[in-house]
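First listed ligand is number 1; within each ligand, the first listed atom is number 1.
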Amino acid sequence: HVKARGKDGYRFYSESMSIDTANRLNLERDLRLALERDELRVFYQPQVCSSSNRIVGLEALVRWQHPERGLLYPRDFLPLAEETKLIGKLSECVLDQACRDVGQWIRDGHSDLRLAVNLSPVQVEHPRFVETLMDQIQAHGFPPQNLEIEITENVIMNDLEQISQKLRELAALGVRIAIDDFGTGYSSLNYIHRLPIHTLKVDQSFVKAIRSGEDGACIVNAIVAMAHGLKLEIVAEGVETDEQLAYLKSLGCHQVQGFFYGPARPADVIEKTLGHIPVRAVAF
Ligand code: C2E
Ligand code: MG
Ligand code: MG
Ligand code: MG
């Protein structure tokens, strides 16, 4: 449609391209500085046992406390980090903070508390991924059996042979493996029983669909049934309402995560919540 708008249309297009480029360069410079100035924050979202209301895990979700633009979310900077290789430093920074925070809470007596971290494809595809990850958690004395890594189906399908080797090594060391956004990727079900997977995370789009009645809920039904059959743990993501929670419980989905129990929050806030298990659903 650029052509249809003639010369002006084209000029408009190229101007907006150069603004994008300038923005990108600014953002890239800012992100580089952010890593030096320690502006990245790890927020934690509870993963809750739906029958006891107890926190069983915390998912680490990165935020950027930008000096001028305020709190930024992953969608604002993660794609750029991945394109520019800043993702390596970013991931390292997130895992360091998370091991420090959650490691402390584990030592404080929450000994089964699970830390879930999201890994980017670039990270997993790195030849020394396993060594790098293990060195880093060992530096904090973080127990591998309390760590769950979250990867997506697409990362797995991208290079099944390499990835399965790496996942096997990690699983042998005690690290748990979760498939994030389950059901939204390639969805080749063939790999699931060939890989050492512990947890399926039902994507929030399927949880949202519960409210639209029988048809909407059928994918959640199928995923939960499959997880039961394969003896996998299951975490439903994006649970916001009583109705969704009740429905998921009735299916036998025991772990839930979402605004119903609370969004991701800073470490000092989460620490107080941990002191008060079982948590009650918070108004939000
Ligand atoms: P994800 O791992 O699937 O995380 C779930 C996202 O859903 C988070 O968004 C979370 O804040 C949001 N969420 C949680 N409960 C609800 C709910 O009830 N309703 C709705 N509408 N949303 C909910 P967030 O924090 O913006 O993160 C987006 C994505 O960015 C994550 O999706 C993950 O793929 C990626 N990400 C976040 N932190 C990291 C990180 O440290 N490293 C890497 N590589 N990726 C990360
Ligand atoms: Mg995740
Ligand atoms: Mg997800
Ligand atoms: Mg995601």
Next on the checklist: Quiz question: by atom type and distance under 3.5 Å, do the side chains of Gln104 and Asp108 form a donor-acceptor pair?
Outcome noted: yes

Checklist entry - Any luck finding a side-chain donor-acceptor pair between Asn221 and Tyr247 under 3.5 Å? => result yes

Checklist outcome for this item: Taking only non-hydrogen atoms of Gln45 and a 4.0 Å limit, the atoms of ligand 1 in range are 14 (C), 15 (N)

Next on the checklist: Any heavy-atom pair between the side chains of Leu115 and Glu148 that's under 4.5 Å?
Outcome noted: no

Item to check | Metal site angle (apex the Mg ion (ligand 3)), OD1 from Asp180 and OE1 from Glu237, 10 degrees | outcome: 100°

Checklist outcome for this item: ligand 1 to Val239, heavy atom cutoff 4.0 Å, flagged ligand atoms 18 (O)

Checklist entry - Without hydrogens or angle criteria, can the side chains of Ser164 and Arg194 be said to hold a donor-acceptor pair below 3.5 Å? => result no

Checklist entry - Does ligand 1 have an atom under 4.0 Å from some heavy atom of Arg63? => result yes

Next on the checklist: Judged on heavy-atom distance to atom 1 (P) of ligand 1, which of Val122, Asp180, Ile87 sits nearest?
Outcome noted: Asp180

Item to check | Option set Phe260, Phe259, Tyr261, Tyr73, criterion heavy-atom distance to atom 16 (C) of ligand 1, minimum | outcome: Phe259

Item to check | Ligand-side contact atoms (ligand 1) for residue partner Ser120, heavy atom cut-off under 4.0 Å | outcome: 44 (N)

Next on the checklist: So, 4.0 Å and heavy atoms of Glu59: is ligand 1 close enough to count as a contact?
Outcome noted: yes

Checklist entry - Does Asp112 CG have over 12 foreign heavy atoms under 6.0 Å away? => result no

Checklist entry - For the residue pair His140 and Arg107, what are the closest heavy atoms and their distance? => result O-NH1, 4.2 Å

Checklist entry - Do any nitrogen or oxygen atoms of Asp181 come within less than 3.5 Å of a nitrogen or oxygen of ligand 1? => result yes

Item to check | With sequence neighbours excluded, residues passing side chain to side chain donor-acceptor pair (under 3.5 Å) with His228 | outcome: none

Checklist entry - Given the rule in the side-chain contact (heavy atoms from CB on, under 4.5 Å) test, do Met134 and Glu169 qualify, once you have shown the distances and angles that lead to the verdict? => result CA-CA 10 Å; Met134 292 311 291; Glu169 283 173 39; over 6 Å; no

Next on the checklist: Out of all atoms in ligand 1, which are within 4.0 Å of some heavy atom of Leu119? Include the element for each.
Outcome noted: 44 (N)

Checklist entry - Between Gln204 and ligand 1, which part of the residue brings a heavy atom under 4.0 Å of the ligand: side chain, backbone, both or neither? => result side chain

Checklist entry - Do Val175 and Leu167 have side-chain heavy atoms sitting under 4.5 Å apart? => result no

Checklist outcome for this item: Here the N/O/S atom of Asp181 closest to the Mg ion (ligand 3) would be OD1

Checklist outcome for this item: Restricting Glu59 to its N/O/S atoms, the closest one to the Mg ion (ligand 2) is OE2

Checklist outcome for this item: Shortest non-hydrogen pair, Met226 vs Phe182, comes out as CE-CZ, 3.6 Å

Checklist entry - Looking only at side chains, do Lys201 and Gln257 share a donor and an acceptor under 3.5 Å apart? => result yes

Item to check | Interfacing atoms of ligand 1 (cut-off 4.0 Å, heavy-atom, Glu240) | outcome: 17 (C), 18 (O), 19 (N), 20 (C), 21 (N)

Item to check | Contacting atoms of ligand 1, where contact means under 4.0 angstrom from a heavy atom of Glu237 | outcome: 3 (O), 5 (C)

Checklist entry - Under 4.0 Å from ligand 1, counting heavy atoms only, is it the side chain of Asp203, its backbone, both or neither? => result neither

Item to check | Minimal non-hydrogen separation, Gly185 against Asn154, with atom names | outcome: CA-OD1, 3.3 Å

Next on the checklist: Quiz question: by atom type and distance under 3.5 Å, do the side chains of Gln255 and Glu233 form a donor-acceptor pair?
Outcome noted: yes

Next on the checklist: Please list, in number order, the atoms of ligand 1 under 4.0 Å from a heavy atom of Val94.
Outcome noted: 41 (O)

Next on the checklist: Using every non-hydrogen atom in the two residues, find where Glu39 and Pro67 come nearest and quote the distance to one decimal.
Outcome noted: OE1-CD, 3.4 Å

Checklist entry - Of all the heavy atoms in Gly238, does at least one lie under 4.0 Å from an atom in ligand 1? => result yes

Next on the checklist: Is it the case that ligand 1 has an N or O less than 3.5 angstrom from some N or O of Val62?
Outcome noted: yes

Checklist entry - What is the name of the N/O/S atom in Glu150 that sits closest to the Mg ion (ligand 2)? => result OE1

Checklist entry - Of Leu78, Thr184, Val117, Ile151, which has the heavy atom at the shortest distance from atom 45 (N) of ligand 1? => result Leu78

Item to check | Polar contact flag for Gln123 and ligand 1 (N/O pairs, less than 3.5 Å) | outcome: no

Checklist entry - Between Ser91, Ala116, Ala81, Pro74, which one has a non-hydrogen atom sitting closest to atom 29 (C) of ligand 1? => result Pro74

